[in-house]
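Report on the structure given below.
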Amino acid sequence: MSQIQNQSNNSPHILVLGMGGTIAGLASNPDKDPLQYAAGQVEIRSLLDHIEFAIPEGVCLVSKQLANINSCNMTETLLALLGNAVREALENTMVRGVVVTHGTDTIEETGLFLQLICGKFAQNLGKRVVLTGAMLPANAPNADGPANLVDAIQWAASPLDNSPGGVYAVMAGKVCMAMDLAKRHTTALNAPIQNSPASPVRLINPSWLSGVKAAQAIWVEDLPIPDGDTWPWVEILTSHAGARPESIDLLLESKIQGLVLAGTGMGNLHEQWLKPLSNATKQGIAMVRASRSGAGQVLPNIPEWDFEGCFAAGKFSPPKARIALQLALNAKKQAKSAGKSLTWQDFFARIAVLPEIG
Ligand code: ASP
């Protein structure tokens, strides 16, 4: 399952979990057209072989391939597999830190997911979980993956005096909290991190660090991981010119449990949707109002759009709000089995207060 590099089997190590992505991608004609490639082709072991010379003395690596996919095809089953593998690794006293190589398309969803299911655990143990990826395939002339991987390994292995344990992401020479990742460019080398509050990875910025500590102080308890096939069905619907009520009516005939509404501007919704959305809440469908704008916050309590029980997504993009809603619905279900009557809104409120790092 795993390979040991550099040192003996029983020395503390960094576990590198491979999920695929462009960092493991291959272009058919890399010199001419590096952006024509297939993601998830190269094994994590082989990616590590190529950077062995750059790994600092004393750092021992173990790798495990969990998947090798284009992350546009990420599944909930794979999220659960990754979440359980990371938690297990954190519990292992021989593991000093964890690096996850991941496609950048959905890295922001995985980043928030890992924060919510093991952010506190990692912090309490003083260990780092570090997501990384690349925008150019492994065989491109200026591939960015090797440098990103070396930086991520170093950040996972470096002493805690420059920043606490927790769930981070490293790319293009920067580090941010994994929950702050947001891919907002199709090709820029720093696409997933360019709009995130981040610090240069080799020279930690004190104000970023105090923001990390503030966010970690607020996140007091991790949420359970839904079992592979019990993830609540939550869809994202985008409001737009010419929105039709039928799009929602059709969904109401299904077994959907939650809706994330990607509104315009501050989370505004087309008036054509108001009636079917109010029917949806009466049917018990959980609803979160987010924005398709790409940055900024959606504030709560706008009477025109906040149907009873609908929650504003705060700083979360629609895909992140979807992960948050799924985990909140699952946490409510598990609390109910344990005899506690908490609502999904109780759990979502705990997630939504996670602050924006200034
Ligand atoms: N489509 C790729 C993926 O998400 C993009 C990347 O990794 O940059 O797997």
Side-chain angles (χ1 to χ4, degrees), residues 1-9 11-71 82 85-86 89 94-105 107 110 128-158 168-175 178 181 183 187-193 200-202:
M1 129 293 215
S2 48
Q3 296 92 23
I4 311 291
Q5 309 200 344
N6 298 353
Q7 283 184 15
S8 73
N9 205 339
S11 41
H13 55 259
I14 302 296
L15 177 65
V16 186
L17 298 172
M19 295 295 291
T22 298
I23 193 167
L26 289 177
S28 45
N29 194 346
D31 293 318
K32 211 167 146 233
D33 197 354
L35 290 182
Q36 283 291 341
Y37 66 91
Q41 303 296 306
V42 185
E43 301 238 317
I44 187 62
R45 166 74 208 220
S46 162
L47 295 179
L48 292 174
D49 281 347
H50 282 94
I51 55 158
E52 213 170 2
F53 68 94
I55 300 300
E57 191 77 4
V59 175
C60 175
L61 300 177
V62 175
S63 66
K64 185 173 181 184
Q65 192 82 51
L66 287 185
N68 213 351
I69 59 161
N70 183 327
S71 78
L82 174 64
V86 170
M94 296 316 294
V95 174
R96 201 161 129 198
V98 183
V99 169
V100 181
T101 56
H102 196 293
T104 62
D105 280 8
I107 201 170
T110 300
R128 297 202 186 116
V129 178
V130 188
L131 274 165
T132 194
M135 294 298 291
L136 290 171
N139 61 347
N142 297 316
D144 53 332
N148 289 343
L149 191 49
V150 169
D151 283 349
I153 290 167
Q154 284 202 2
W155 179 249
S158 64
Y168 297 93
V170 166
M171 257 189 96
K174 296 273 182 76
V175 56
L181 285 167
K183 188 174 182 182
T187 53
L189 290 186
N190 63 354
I193 208 166
V201 69
R202 290 168 198 279

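In this text the structure is predicted, and so the values were computed from the model without any measurement. The basis for the numbers below is simple: all heavy atoms, side chains too, and nothing from hydrogens, waters or symmetry mates.
Considering all non-hydrogen atoms of both residues, P12 and C60 come closest at O-CB, 3.8 Å. Contact between A89 and L15 at its shortest, heavy atoms only, is CB-CD2, 3.6 Å. Heavy atoms only, all atoms of each residue included: T101 and G18 are closest at OG1-CA, 3.2 Å. Of all non-hydrogen atoms in I23 and G20, the two that sit nearest each other are CG2-O, 3.5 Å.
The CG atom of D49 sits 8.5 Å away from atom OG of S63, with the distance rounded to the nearest 0.5 Å. If you take CD1 on I55 and CG on L61, they are separated by 5.0 Å, rounding to the nearest 0.5 Å. In this structure, CG on L17 lies 10.0 Å from CG on L131, to the nearest 0.5 angstrom. M171 CE to I107 CD1: the interatomic distance, rounded to the nearest 0.5 Å, is 6.5 Å. The distance from atom CG of L26 to atom CD of Q36, rounded to the nearest 0.5 Å, is 14.0 Å. We find the NZ-CG distance between K183 and N190 to be 11.5 Å, quoted to the nearest 0.5 Å.
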- Task: Please step through side-chain contact (heavy atoms from CB on, under 4.5 Å) for the pair R45 and Q65, ending with a clear verdict.
- Result: CA-CA 8 Å; R45 166 74 208 220; Q65 192 82 51; over 6 Å; no
- Apply side-chain contact (heavy atoms from CB on, under 4.5 Å) to the pair N70 and D105, showing each step before the final yes or no. CA-CA 8 Å; N70 183 327; D105 280 8; 4.0 Å; yes
- Query: Hey, mind stepping through V16 and K64 against side-chain contact (heavy atoms from CB on, under 4.5 Å) and telling me if it holds?
  - Reply: CA-CA 6 Å; V16 186; K64 185 173 181 184; over 6 Å; no
- Item | Residue pair S71, M19: steps toward the side-chain contact (heavy atoms from CB on, under 4.5 Å) verdict | CA-CA 8 Å; S71 78; M19 295 295 291; over 6 Å; no
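Side-chain polar atoms of Y37 and S28 form no donor-acceptor pair below 3.5 angstrom.
In this structure, R128 contributes its side chain and G97 its backbone to no donor-acceptor pair below 3.5 Å. In this structure, Q41 contributes its side chain and G25 its backbone to no donor-acceptor pair below 3.5 Å.
Counting only heavy atoms from C-beta outward, the side chains of V130 and V98 never approach each other to under 4.5 Å.
Here the options are L82, I44, T110, T132, the test is side chain to side chain contact (heavy atoms under 4.5 Å, CB included), and the partner is V100; only L82 passes.
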Enumerate donor-acceptor pairs with a distance under 3.5 Å from any side-chain N or O in residues 133-154 to protein atoms, sequence neighbours excluded.
unit_1 : atom_1 : unit_2 : atom_2 : d
N139   : OD1    : A27    : N      : 2.9
N139   : ND2    : A27    : O      : 2.9
D144   : OD1    : M135   : N      : 3.3
D144   : OD1    : L136   : N      : 2.9
D144   : OD2    : M135   : N      : 2.9
N148   : OD1    : A172   : N      : 3.0
N148   : ND2    : G133   : O      : 2.9
N148   : ND2    : D144   : O      : 3.3
D151   : OD1    : R202   : NH2    : 2.3
Q154   : OE1    : R202   : NH1    : 3.4

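For N68, there are no side chain to side chain donor-acceptor pair (under 3.5 Å) partners at least two apart in sequence or on another chain.
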